[in-house]
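Read through the structure below, which is laid out as structure tokens, and then see the notes.
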Protein chains: 2
Amino acid sequence: MQKREITINCTLCDHLKDSLFNGLQPEDLARINNHKTCIQYKKGQNIFYEGTRPTGLFCINGGKVKVFKNNVQGREFIFYLAKPGDFLGYRALLSEELYGATATVIEDAKICFIQKENFFEVLQRNPVFMKRVVKQVCLQMGIMEERMAELAHKSVRERLAGTLLMLKESYGMEGGESVLLDIALSREDWASLIGTATETVIRLLSDFKADELISFEGKKIRVLDAKGLAKQADLILA
Amino acid sequence: MQKREITINCTLCDHLKDSLFNGLQPEDLARINNHKTCIQYKKGQNIFYEGTRPTGLFCINGGKVKVFKNNVQGREFIFYLAKPGDFLGYRALLSEELYGATATVIEDAKICFIQKENFFEVLQRNPVFMKRVVKQVCLQMGIMEERMAELAHKSVRERLAGTLLMLKESYGMEGGESVLLDIALSREDWASLIGTATETVIRLLSDFKADELISFEGKKIRVLDAKGLAKQADLILA
DNA sequence: GGTAAAACATGACTTTTGTCAGCCTTTAAC
DNA sequence: GTTAAAGGCTGACAAAAGTCATGTTTTACC
């Protein structure tokens, strides 16, 4: 399993339009584009490791990545799931700390790496871009607060239902009534995502399936009854 | 209980040296200083409310504040405890969202308010200050990630012990062997801070007291045996 | 295509934590 | 100072979730 270098052009990137880099001055984008390296990763490969020093920023062009932390007993908690267009590793880069989490590919991926010097230079001479980055970080932080409050006070069942609905927003593929979640997570990943044991996830997913709230399609899940899940998640129905 | 306006001079502020505003150009600091308003709050008063629009930034000159969110069942989760020198409300301000949490005074406080126009102006024309703000936000986010992982996988007992040690760092007053936590939290606040029920906190604090890890001094707690608490928190002992 | 490993599933049991009820103590208000 | 309210405490019990053991299915690899 070795890394394979590939060529990707930012200006032609499908994900540019909804990325942080959208609207960048052509010369700034060119600077980023000309100095980056892009690598093809296979499922299971790591992009960066907790405890190591960041040397740049990652931008996902294809595939899916999980960002997680291992606790003392080796149990994993997933902070983020990232998909094409998302950036990785900017938190530790901007706080000038070591990585606080590990990033692992969960679906074969193409990822560009932007050295920190280039990123910081564009950041420095472009206050509008800087403001966008700050806004992005603060938005992300708001999401974390929300999730933390749920972790503190909601049951595992509620959290699982809520997470299914959340993934429906980010990874849902419309298909009439039901929505297929276009992300292949193992039961163990689900457990790491909602903060529980694998067995508990298995039992609850079976419950949801028995109640016809979801169905399984290979390693992916189809949401059949979003309203029913919202009830399970104890959300106020609009 | 009405708010009382007072006068505070930033340039003479005890907390300037360890604040985000330290090292600001004199004219920038003057701008902040001349346009702020300072108010004296009593315990129990609110500084801002979840769901309302931020109009500026708060800076604590004296007293203590909790920042929390209420869930549907009215249960509260405390995101931050803030003390003199700390800033409040910048997250929602920078992400241009409504406040995601409520801030309430827990010990009588003096708090300065900086209108967003002035804050943004200083931010805009001072890239070094901007970088400091970004770094601060990202550091805070790292702390949140850490806490979230603990919430996901540690027991209430471990979290309580860990929180006692954390507060020892931020609010500890040295006194020989033992350390007094200089913050008066109700049992309910402790429960909101670690994400559990009040009764559970009461029982565990009694346990810790019986094991002579802590003692009670009025509404405050004295840490008698930090190493013992670290063992309870399941931390690796250095 | 066969085999080992990983992932998935289920049952039995234990532990942790939440809930409810009741009571005592301190604080705040009239 | 009396009274109400809030906060603190304890016990009994129930519910939720974790753990362990075991078996089955799927996947990956030689």
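Naming convention: chains lettered A, B, ... in sequence-line order (proteins, then strands); numbering from 1 in each chain. Because the structure is a prediction, the values reported are computed rather than measured. The basis for the numbers below is simple: all heavy atoms, side chains too, and nothing from hydrogens, waters or symmetry mates.
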More than 12 heavy atoms of other residues, nucleotides or ligands under 6.0 Å from CZ of A:Phe216: yes or no? yes
Does the side chain of A:Arg75 get closer than 4.0 angstrom to OP1 or OP2 of D:dT19 through an N or O atom? yes
A:Ser155 has a side chain; which of D:dA17, C:dT17, D:dG18 sits nearest to it? D:dA17
Are OP1 or OP2 of C:dG18 and a side-chain N or O of B:Thr196 less than 4.0 angstrom apart? yes
I'd like to know if A:Asp182 pairs up with A:Lys83 as an ion pair, taking the criterion as any Lys NZ or Arg NE/NH1/NH2 lying under 4.0 Å from an Asp or Glu carboxylate oxygen. no
Given atom NZ of B:Lys209 and atom C1' of D:dG8, what is their separation to the nearest angstrom? 12 Å
Value in whole Å for how far the P atom of C:dT10 lies from CG of A:Leu205: 11 Å
Picking from D:dG18, D:dC9, C:dA9, which would you name as closest to the side chain of B:Arg187? D:dC9
Could you tell me whether the phosphate oxygens of D:dT10, OP1 or OP2, come under 4.0 Å of any side-chain nitrogen or oxygen in B:Ser206? yes
Do the side chain of A:Arg157 and the main chain of A:Leu204 share a donor and acceptor less than 3.5 angstrom apart? no
Using the rule ring-ring contact (aromatic ring centres under 6.0 Å, His included), only one of A:Tyr41, A:Phe48, A:Tyr99, A:Phe87 pairs with A:Phe58; which is it? A:Phe48
Roughly, in whole Å, what's the span from CD in A:Glu188 to P in D:dT19? 13 Å
Choose from D:dG8, D:dA16, C:dC8 the nucleotide whose nearest atom is closest to any side-chain atom of A:Ile202. C:dC8
Does a distance-only test, which skips hydrogens and angles, find a donor-acceptor pair under 3.5 Å between the side chain of A:Arg203 and the base of D:dT19? yes
What's the CD-P distance between A:Glu76 and C:dA7, to the nearest Å? 11 Å
With nearest nucleotides of DNA chain C determined for A:Ser186 and A:Ala152 from heavy-atom distances, which residue corresponds to the more 5′ nucleotide? A:Ser186
Using atom CD1 of A:Ile194 as one end and atom P of D:dA17 as the other, report the distance to the nearest whole Å. 9 Å
Between A:Lys219 and A:Arg159, who's closer to the 5' end of DNA chain D by nearest nucleotide? A:Arg159
Quick one: B:Asp207 CG to D:dG11 P, roughly how many Å, whole number? 12 Å
For B:Lys220 and D:dG7, what is the distance between atoms NZ and P respectively, to the nearest whole Å? 18 Å
Considering residues, nucleotides and ligands other than B:Glu50, do more than 12 of their heavy atoms fall under 6.0 Å from its CD? yes
Rounded to whole Å, CZ of B:Arg157 lies from C1' of C:dT17 at a distance of 13 Å
Any donor-acceptor pair, under 3.5 Å, between the side chain of B:Glu199 and the base of D:dC9, if you only look at N and O atoms? no
